[in-house]
Amino acid sequence: MNPQAKLISATSLFLGTSITISSNHWMMAWIGLEINTLAVLPLISKSHHPRAIEASTKYFLTQAAASTLLLFSSMTNAWFSGQWDITQLTHPMSCMLLTTAISIKLGLVPFHFWFPEVLQGSTMTTCLLLATVMKFPPITLFFLTSPSLNPTLLSLMAIASAALGGWMGLNQTQTRKVLAFSSIAHLGWMTIILIYNPNLTLTAFYLYTMTTSAIFFILNTTNTLKLSTMMTAWTKIPPLTTVFMLTLLSLAGLPPLTGFLPKWLIIQELTKQGLTIMATTITLLSLLGLFFYLRLAYCATITLPPNFINYTKQWQINKPTNILTTTLTTLSILLLPLSPMVFTVS
Amino acid sequence: MTMMLLNSASLRGGCCRHETLLQLLGPLLSHSKLYSSYRRPGAEPEKKTLWQNADFSFKKGFDVLKTQLSLLKEETQNHLVGPEGRPFSEYLLEQTRVLWQFRSQEDLNKWIISSDVEIGGKSEVYLKLSRNNQGALLYGTLNTEAPRDGETKYSGYCSMRAKPRLGSFRRKKYYDWSNFNSLYLRVRGDGRPWMVNIYTDPYFSHQKDDLYNYFMFTRGGPYWEEIKIPFSKFFLSSRGRVQDSQHPIWLDKISTLGFTIGDKVDGPFQLEIDFIGLLNDRAHTEEFAYEMYDKNTPV
């Protein structure tokens with residue numbers, strides 16, 4: 001891509017995110033979200049492949065509709081309450097419209113249909129941006145308006161997201177779609193605790209971003225776009241596949257790894273609020289996710305492929321590993337002993 | 001219009017009250033086309049409109065609902081088994097797969113044949129099972145005489161396309177061929193060149209004419225031929241025009257496959273197909289056969 005165009009897209013992304021997360025007025029929040037949408041469109045459609053164009057069109061249509069709905073909800077709230085402050089969103093209809101708008105932006109069920117297709121149509125680096133950076137402003141808006149949101153609606157969407165993310169991810173053969181469904185499931189976890197402890201939503205989001213960025217970087221290094229390629233990816237950098245397995249299990253939420261921390265805290269908070277059935281349901285639904293993460297780990301690390309490879313180690317690697325991969329993988333595997341910090345800092 | 005109104009006013013006093021409305025609406029109904037009423041020679045005469053054809057039977061609707069629900073149940077069970085209903089280990093281990101083989105009339109019913117009769121041409125095409133039910137025979141006559149309607153310059157094509165798969169509630173189901181990198185065909189042709197078309201059903205309508213094509217040159221002898229066409233050779237075309245910006249075909253969402261003959265030669269043609277399959281040719285390492293560098297960079 002043209003370096004100037006890349007610079008403009010990157011700075012616009014940064015600008016849009018900063019505007020939204022630091023705004024008090026709904027108009028500024030909306031402006032930031034629109035800048036983000038427009039900035040990421042050239043990144044998705046960079047290759048001009050028909051599927052990439054399809055992905056960018058879908059992304060634009062859904063995000064534009066969501067932004068409009070968001071603006072409409074803030075306008076109705078301004079009509080009823082006379083002010084545009086983000087934290088003062090009080091009218092119930094506005095809250096419902098806002099929840100719908102943000103869930104379209106994030107990709108929560110039942111507005112998740114665009115997400116796997118958009119991720120499948122973009123390159124691995126753009127997928128990373130779409131799954132992490134583009135989720136941050138909407139989650140910030142959820143965080144700011146969390147006291148006034150409808151708990152029933154959010155809980156229903158959260159459980160449905162965890163269920164559908166796990167169910168649909170079961171038979172995917174393309175790695176980007178698998179990560180899309182894993183993102184949907186994790187968003188379910190983040191949303192379920194929003195009303196009761198918004199700080200946990202942000203904690204879960206940060207840890208999810210860290211782990212999923214590590215996964216995307218690893219997949220980018222080995223250029224793994226489908227599961228059959230993953231079987232032979234170990235020949236490229238054998239230690240990377242070991243670390244990949246551990247990072248995947250961290251994403252699944254297995255205990256000695258970092259990914260367990262948000263799930264543990266969320267279950268604890270839900271139980272404290274007396275919502276044990278919800279906690280049990282969402283935990284059981286994350287088992288579906290565990291199944292396909294384990295399957296990915298099996299493909300990548302634990303099993304040897306039946307394909308005939310006449311070398312045990314490729315001596316020449318075309319794509320150098322991103323420098324952040326080491327940091328992110330280490331953090332996403334070994335951060336659990338620091339969990340008491342969560343209680344002292346928050 | 002005024003005549004209609006006067007007519008209806010006179011009839012209203014009488015007994016034929018229900019006819020007045022029909023008379024008023026008559027012109028509206030017959031002239032309700034949004035395009036011209038010119039019918040191309042060779043096109044079938046206008047059938048009844050969709051809403052006239054609909055059979056509003058409650059029992060039939062209930063039966064259709066039961067069928068679709070049972071299809072949905074089957075799909076859910078297949079989802080638990082693995083990708084596309086087959087176990088995951090099979091997906092990982094497979095290096096070949098047979099997609100379509102022609103052994104019975106049921107297999108033939110999965111394909112649709114068409115020719116330039118649609119635009120008013122004179123080619124003929126037929127599909128039947130060949131000897132001993134060991135393949136499909138696509139045969140006919142190609143006629144390049146253009147229809148005389150003043151706007152068509154070329155004619156003369158015949159094709160056979162696979163029907164797209166439909167899941168429960170008539171949703172589109174796509175093939176996932178990402179494990180493979182070549183198409184494997186066992187055919188016995190007559191020496192004429194054919195074109196293989198792959199349609200990846202797009203979501204938006206501006207891409208509905210996009211087709212990935214490549215040629216299949218048949219030998220014509222009495223012996224069967226095994227033709228391997230790597231997917232990296234397929235080029236992108238839209239409405240028959242080869243596109244300037246070429247892209248490799250993505251194999252994870254394929255809708256249909258088709259064969260077309262249109263080599264501008266009048267005369268009979270014949271193609272016998274035993275089976276159509278997929279192959280993961282490990283010796284084929286080419287990713288895309290056409291140059292993808294930017295052709296319009298300013299110097």
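Lettering of chains follows the sequences in order, A, B, ..., and the numbering in each one begins at 1.
Neither the backbone nor the side chain of A/Thr229 comes within less than 4.5 Å of any heavy atom in chain B. Contact annotation for A/Leu61: only side-chain heavy atoms (C-beta onward) come within less than 4.5 Å of a heavy atom of chain B. In this structure, chain A has heavy atoms under 4.5 Å from both the backbone and the side chain of B/Thr76. The contact between A/Gln174 and chain B is made entirely by side chain atoms (from C-beta outward), counting heavy-atom distances below 4.5 Å.
Neither side chain, B/Tyr203 nor A/Glu117, offers a donor N or O lying under 3.5 Å from an acceptor on the other. In the model, B/Thr260 has a side-chain atom that pairs as donor or acceptor with a side-chain atom of B/Asn197 under 3.5 Å.
Between B/Phe215 and B/Phe217, the ring planes lie tilted relative to each other; the angle falls in the 30° to 60° range. Ring-plane geometry between B/Phe235 and B/Tyr214 is classed as perpendicular, the angle between the planes exceeding 60 degrees on a 0 to 90 degree scale with a lower cut at 30.
Contacts with chain B were tallied for A/Leu170, A/Leu227, A/Thr57; A/Thr57 has the most, counting heavy-atom pairs under 4.5 Å. Listed options A/Gln120, A/Lys58, A/Gln172 were ranked by heavy-atom pairs under 4.5 angstrom with chain B; first place goes to A/Lys58.
Side chains of A/Ser103 and A/Lys105 form no contact here, defined as non-hydrogen atoms less than 4.5 Å apart.
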